[in-house]
*Asks:* 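Have a look at this one before I ask anything.
Just so we're on the same page: letters track the sequence lines, and every chain starts at 1.
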2 protein chains.
Amino acid sequence: MLYLTRKLLPLVCLSLSASPALAQDKNLIQYVRPMTGTDRMGHTYPGATVPFGMVQLSPETDTQSYELNGKYNKDVYKYCAGYQYGDNTIVGFTHTHFSGTGHSDLGDFLIMPTTGKLQLNPGTADKPESGYRTRFSHNTEVAEPNYYKVKMEDHNILAELTTTTRVGFHQYTFPKSDSAHIILDLMYGIYNYPDKNVWTYLQIVNDTLITGYRQTTGWARTRTLYFAMVLSKPFTSYGYQNNSKKEVYGGFWRKFKQEENFPEIAGRQIRAYFNFSTKEDERIKIKFAISPVSTANALDNLHKEAPGWIFNEVKREGQRLWEKELEKIEIKAPQETMENFYTAMYHTFINPTVYMDADGSFRGLDQQDYKAKGWTNYTTFSLWDTYRALHPFFNIIQPKRNGDMIQSMEAHYDESVHKMLPVWSNSANENWCMIGYHGVSVIADAIVKGNADMDGKRALDACVTTARHRSYDGLGYYMDMGYVPEDKNGSSVSKTLEYAYDDWCIAQMAKKLDRNDIYLEFIARAQNYKHVYDSTTGYMRPRMSDGSFKKEFDVLNTDEAGFIEGNAWNYSLYVPHAPAEMIKMMGGNRRFVPHLDSLFNFELPDKYFAATEDITRDGIIGNYVHGNEPSHHVAYLYNWTDQPWKTQERVRMILKRMYHPTPSGLSGNDDCGQMSAWYILSAMGFYPVAPGSVKYSLGSPAIDEASLHLENSKTFTIKTKNQSAKNVYVQKVTINGKEVTDHFLNHDDIMNGGELVFYMGSSPKKK
Amino acid sequence: MLYLTRKLLPLVCLSLSASPALAQDKNLIQYVRPMTGTDRMGHTYPGATVPFGMVQLSPETDTQSYELNGKYNKDVYKYCAGYQYGDNTIVGFTHTHFSGTGHSDLGDFLIMPTTGKLQLNPGTADKPESGYRTRFSHNTEVAEPNYYKVKMEDHNILAELTTTTRVGFHQYTFPKSDSAHIILDLMYGIYNYPDKNVWTYLQIVNDTLITGYRQTTGWARTRTLYFAMVLSKPFTSYGYQNNSKKEVYGGFWRKFKQEENFPEIAGRQIRAYFNFSTKEDERIKIKFAISPVSTANALDNLHKEAPGWIFNEVKREGQRLWEKELEKIEIKAPQETMENFYTAMYHTFINPTVYMDADGSFRGLDQQDYKAKGWTNYTTFSLWDTYRALHPFFNIIQPKRNGDMIQSMEAHYDESVHKMLPVWSNSANENWCMIGYHGVSVIADAIVKGNADMDGKRALDACVTTARHRSYDGLGYYMDMGYVPEDKNGSSVSKTLEYAYDDWCIAQMAKKLDRNDIYLEFIARAQNYKHVYDSTTGYMRPRMSDGSFKKEFDVLNTDEAGFIEGNAWNYSLYVPHAPAEMIKMMGGNRRFVPHLDSLFNFELPDKYFAATEDITRDGIIGNYVHGNEPSHHVAYLYNWTDQPWKTQERVRMILKRMYHPTPSGLSGNDDCGQMSAWYILSAMGFYPVAPGSVKYSLGSPAIDEASLHLENSKTFTIKTKNQSAKNVYVQKVTINGKEVTDHFLNHDDIMNGGELVFYMGSSPKKK
């Protein structure tokens, strides 16, 4: 059992005794809608997981059947999480999923219970009866934290899923059948294509225990996942299909009698099945443990985490863990805000994911196995997204976990032959997705906020070495010339701006650690945003290696125009560490405020929308693209002008329009929790525009009240007066009774406990 | 440094001090001809290895270039050891080779030094300049134990190779060049075909250290080998070619500057190269360590075994180890016999190979990693061949090693999901090659001879469980019906006969261990050879499941006629555990002796020869096929008749005709040392017709004298009187002065030390 031991204030009366009933007075779990974001762009999954769990056991609805010789789903982008709410067939349940990404991988170890004639191919959505998949209806579907249920109509089986950190627990209620099957499809994966599977291996150890592994090359280039699967009742017989091309030495193992089972198989395209007879309403359960290191460790994980067979106990224990996490922040708010808020908290406590066995073992970036002693190893670092609000949120509400995440990043650095902190890492692989080296921001934010119990020198060395890696993505040019030249390296403006911010983070960290030499080096680099500012147009603009700005320049163009996931209009605002200087550079309030206004008011022509992948029409307000992270700080920039009330107005509008607790309620990819973290902090009324700073920018809270129960045993309370949907404007703010005049909240104000009060009204408070 | 510590008799004055010079009085190494068997059928390799070494560093002469889209050498059978004496180009040097097999695998980590324009494909033998391969001449070639040298003409480089147990040590002497290269080709392998490579991985850790691994599927279905490679001087630059089809997420790592090196690559078809400038006669050395478990272990192996850079020291140390092994038997004989004998000893001390890191780690059959404590783990168990004479030879001269080999086989059994001892195993894989379960013979022979310090109960359990595996290769039928029925399972007669012999071995072991119940069960099964004897024809004959003998019956037919690597004529003689009963069954001396005579005198028509793969015309005397193991005991069968002198005559003829210390001097595959073990024992005058028995059948020695220095510190001496090429007939034999009248030698006679004397003459000693 995984207990978090911590002292709770009397306000929270959670029973930690043997009866794991949910606390009578709260039950915050009831507000979580895991279906949020499963329709279209959100790319979340509805299945079961525990906070930061290594297993994410969820249904797959991919409409096509991947078969060996082509014919796979060209709509691969939709299925990053394996599920789309608009689909009406389920192909099976797999044990690993990303939450809210824009790229695909995982989907390991598909389990599918069926009845009737055994069909060993998935079938297609338009003809489900041609394979093992089943029709289903959302009417029979239930999705709660750590619990998923659905009726599988074509097989007349009720499927229920729950998990522990490392074990997926399936419960299937069968009809009476003398041809019931459990299919284990090792061919299946999320984003499957020829050569995705490198190798798979399967051992039928006895009639209830199966072990093996799956090795793939995809977004993670060299990834292996091991499993141990235990059945609640012995199968009567089993078999498998090896769909690989004829193996050269394949003849030898066929010396065994064909009609008898052969307990060991390996190859690239394996499907196995296990046969049963079932009585009416008989339940067959499966405990499916995974490990990044070995099948022996998977079995050990299983024994330690899920020794029993009572499904509801495991479900309740996971839900107790969720309740405990959610209760870290108790809010009062209208119903929809409650649902948005706790659904967002649920989504922020999914990634990064635990990547470590019960005994501390994990696979490192160099493909060697290591043991973590005294810390937990994590993976799934979507850092380009999550440095912005997710990790800063963790510095408030999950500081110990955040410290372990940083430890995991430093282990990655130690194992890295490039000597770089992670950029975008998962499952012992760096996939280099997106730009920047924002690991330094996460580390700097923790050090500057004093939240992490870490070796500052080691951390700083890792950040500095990373930031001096000349051959990485234009960094050599940036170091030599002060900007990335577009003719040498694309998306050059975005890179220059993000490197400048990252360098500022290093400078803050160096200052805190009394390293003045490093401070001076990197605070100088932090000014480099100025080198890509074109005063003639008033925008950041791609610059060439000869010093001139790029001639062709359309400020709305997102396609190979010098920017990534954005255009000159919205990306030019990316100087989060120096908004005052940026505004001054752009002509001061007089020119900047109308410029910022027009961002939100702009009518974006269709042609510009079409080129951008990760957003929906809903995700755009004018030219403000909330679905794309570079914009996430933008609404708060009014705080550095003479019209701060516009921040309050924009933030409340975004909170209201961009988030709904419905399947299509996320306007863009949740991006491993970043979109959700934006909601949580903004709904509470503050946002970390520049992580690496101790300051938060004040906005306009959507909640009525909030209590943050911190790990240091203190409570930070947020209250509002005169709050309503109309009263978006802040009239006054006090911290512990003292008025705040500069639109900022300090980190210490939060961590020392105390009270922040917003006085709301329907008219802007102008000077 | 790997010392064998043992007490030596004063006769052997080997210096164990710091100057590892070869003993002045012996220098047996000078008689070893590693080139023996490298032309045509022998399938041995000329390269460097230490006794039972894990590394076999040897040149590849495969004439075709394997490229990704087909076009590979259809003559794959010739290249089981990667080298054919008749070729005149070398494509590179790889680190792992089988010695004398009939199937292919290994050939890992091809290293090729070149000068001039970098060409990253191997080229072909008819156009070597089209790739990196080189012409060479046997005139510049030197092959000694643990040393190989050749001049690479197209690149003007002198190549020298030596090894320790786990490290290949290369020394390349370059001309002056500003474009010298070392190529590391991870695509290359022995018997390469599409999909052979599962995955390869490479890390350029710094400018002298490279690590990685190669994962293949072939004869070993799931095999991975790790390496660590250290250069004696830093490269100036490096690069690689990834010949895989375009990777789906391949774009991300290309964010690094193209013209700079990227230190980490993974994929299926990788070739890497390292660039240097060299002065005239400059030497670049490479230490290349391997490991079955991890790159960290490979590096540890390297540090422990080869910390220095002096090539000659490593060469001399390995040769010292060889000299020590060879001096276990000192003979006096004519020059050619000396060369045959010590070349054969060299070939018998190559397999099985060490499969374990310096720290005891190895990969088990279940793909998990284990640690051997107090024993050495071995692999490459070609048991269908080696149970006959190789392991019995080890029971005399390598009893401790043989005990570790049995321990390795038992570990395999423990890890086996089938619960079977190995059949044909290599590199943590069972490939099930050939027939029978002859592991039980190896174990029984050791137990019965009292040579192995092992847990008899554990060993017997493993043997019995293996022998009761019903679904293995007709064994269920054999157990139920007393024979394997040909209509249910091919090669049924060979299987029946070999199972009967294996079962007799289990009975001997059970008797020694006082397990009467098991003894009775298996001594009954040992009679099953009678069930396939057809008295109407006088041959063993395939029998059907309805009890009748197969109608079509051509006693010379080897092709799907009920036999494997043989025909009814020679295989009918395979009752090694009961020759007296067999002869009686076949009509007694009166009918059997002429029958046996005709085997040796028969004119075999071409059509029968052509169907058999592993033999040459030279390997056949009449219908006696020495290249095929089932015949190996046959020449000794006269000892059970009234014409024992014919054994002496046949054995001397085989020794003379079938073995020459020349490249084409082996008439069939050496079969991991079995052919060589036959030579050694027969040349000394005795042979274990039925391993599992304590008796050896006497023949006719070809040597003048031999001293066997045993591990128990005793010496067994063999002497001859009146020996000559003509004097093949034995007039009298004494053991410790007492005359031997029954043509047998007991194992204890050998192990107690003492003296065996053969009195030779030119006429047969008839009764």
*Asks:* Does the distance from a Lys or Arg side-chain N to an Asp or Glu carboxylate O, for K419(A) and D414(A), drop under 4.0 Å?
*Replies:* no

*Asks:* Under a 4.5 Å heavy-atom cut-off, does chain A meet the side chain of Y226(B), its backbone, both or neither?
*Replies:* neither

*Asks:* Among V417(B), D369(B), T222(B), N489(B), single out the residue with the greatest number of heavy-atom pairs under 4.5 Å to chain A.
*Replies:* V417(B)

*Asks:* Are F262(A) and H418(B) close enough that their ring centers fall under 6.0 Å?
*Replies:* yes

*Asks:* Is a donor on one side and an acceptor on the other found under 3.5 Å between the side chain of N197(A) and the backbone of Q215(A)?
*Replies:* no

*Asks:* Is L475(A) close to chain B through its backbone or its side chain, or both, or neither, when contacts mean heavy atoms under 4.5 Å?
*Replies:* neither

*Asks:* Are the aromatic rings of F98(B) and W424(B) close, with centres under 6.0 Å apart?
*Replies:* yes

*Asks:* Mind ranking D366(B), T211(B), V205(B) by heavy-atom pairs under 4.5 Å with chain A and telling me who comes out on top?
*Replies:* D366(B)

*Asks:* Can you find a side-chain donor-acceptor pair between W384(B) and E498(B) that sits under 3.5 Å?
*Replies:* yes

*Asks:* In terms of heavy-atom proximity below 4.5 Å to chain A, should N429(B) be classed as side chain, backbone, both, or neither?
*Replies:* neither

*Asks:* Q203(A) versus chain B, heavy atoms under 4.5 Å apart: side chain, backbone, both or neither?
*Replies:* side chain

